[in-house]
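Here is the structure we will look at, set down as structure tokens.
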Amino acid sequence: SAVISQKPSRDICQRGTSLTIQCQVDSQVTMMFWYRQQPGQSLTLIATANQGSEATYESGFVIDKFPISRPNLTFSTLTVSNMSPEDSSIYLCSVGLETQYFGPGTRLLVL
Amino acid sequence: QKEVEQDPGPLSVPEGAIVSLNCTYSNSAFQYFMWYRQYSRKGPELLMYTYSSGNKEDGRFTAQVDKSSKYISLFIRDSQPSDSATYLCAMGLYSSASKIIFGSGTRLSIRP
């Protein structure tokens, strides 16, 4: 399985600001995924990021709010824009097709 | 109705007990099934993966799938305090455009 790292591991932000989360994989992968995990809730897929193309967003998530970059086959970023307290969550990146392997997550608290 | 239902717990059992964790699902098209373990402040870790009805065993863990009842289970034998974590079921379709659907997770605590 791939080894995945995320930065930052946690952050506390003020409403109205933006935070960019980085995801690094130790091997080249075609597809990377970004999830949100709110307290007591299941993982929700935000978007799928393929290298060289626009990210594909799930219903309820839009590019203006969650812009994603995928500059190469081992790296991706997710930006949470114009944050509100409702964006407080754990953000996870993952790789894999049938099975997903996850990074350690970024814990975000918006005040 | 959610596609995947999982009792959130918390579930607390004594060390050495057999633990049973369960999920039900509504979409009969799901073809493969997984269990993830998530320790506090960590990402989910894949525990078990199966794509057919029946049992799959790996050490102290057994995954059971009953497609006719749309019901999956994870059994943990000889439970240890180190098994204390949140367990998430997940399931998916064999499709390049498919996504995995996760249960909300069951929080398990093993008492020494």
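In what follows, chains are A, B, ... by sequence order, proteins preceding strands, each numbered from 1.
Atom CD of A:Q38 has more than 12 neighbouring heavy atoms from other residues, nucleotides or ligands inside a 6.0 Å radius. Other residues, nucleotides and ligands place more than 12 heavy atoms under 6.0 Å from the CZ atom of B:R77. Within 6.0 Å of the OH atom in B:Y51, the count of heavy atoms belonging to other residues, nucleotides or ligands does not exceed 12.
Residue A:Q6 does not touch chain B at all, counting heavy-atom pairs closer than 4.5 Å. For B:Y36, the part lying under 4.5 angstrom from a heavy atom of chain A is the side chain only. Contacts between B:Q6 and chain A at a heavy-atom distance below 4.5 Å are absent for every atom of the residue. Contacts between A:Q41 and chain B at a heavy-atom distance below 4.5 Å involve the backbone alone (N, CA, C, O). When heavy atoms are compared at a cutoff of 4.5 Å, A:L45 approaches chain B solely by way of its side chain, counted from C-beta outward.
Residues A:F33 and A:L73 fall into different hydrophobic clusters, defined by Ile, Leu, Val, Met, Phe, Trp and Tyr side chains chained together at heavy-atom separations under 4.5 Å. Neither A:I21 nor A:I90 shares a network with the other; the hydrophobic side chains, linked directly or stepwise wherever heavy atoms of I, L, V, M, F, W or Y lie under 4.5 Å apart, form separate groups for each. Residues B:I110 and B:L11 fall within the same hydrophobic cluster, defined by Ile, Leu, Val, Met, Phe, Trp and Tyr side chains chained together at heavy-atom separations under 4.5 Å. Under a hydrophobic-cluster definition in which Ile, Leu, Val, Met, Phe, Trp and Tyr are linked whenever side-chain heavy atoms come within less than 4.5 Å, directly or via other members, A:L78 and A:V110 are assigned to the same cluster.
The OH atom of A:Y35 sits 4.5 Å away from the CZ atom of B:F102 when rounded to the nearest 0.5 Å. Note that CG of B:L88 and CD of A:Q37 are 6.5 Å apart. Values are rounded to the nearest 0.5 Å.
Your options are B:M34, B:K42, B:R41, and the one with the most heavy-atom pairs under 4.5 Å with chain A is B:R41. Comparing B:A90, B:P8, B:P44 by how many heavy-atom pairs each has under 4.5 Å with chain A, the most go to B:P44.
Of all the heavy atoms in B:G103 and A:S42, the pair that sits closest is O-CB, 3.1 Å.
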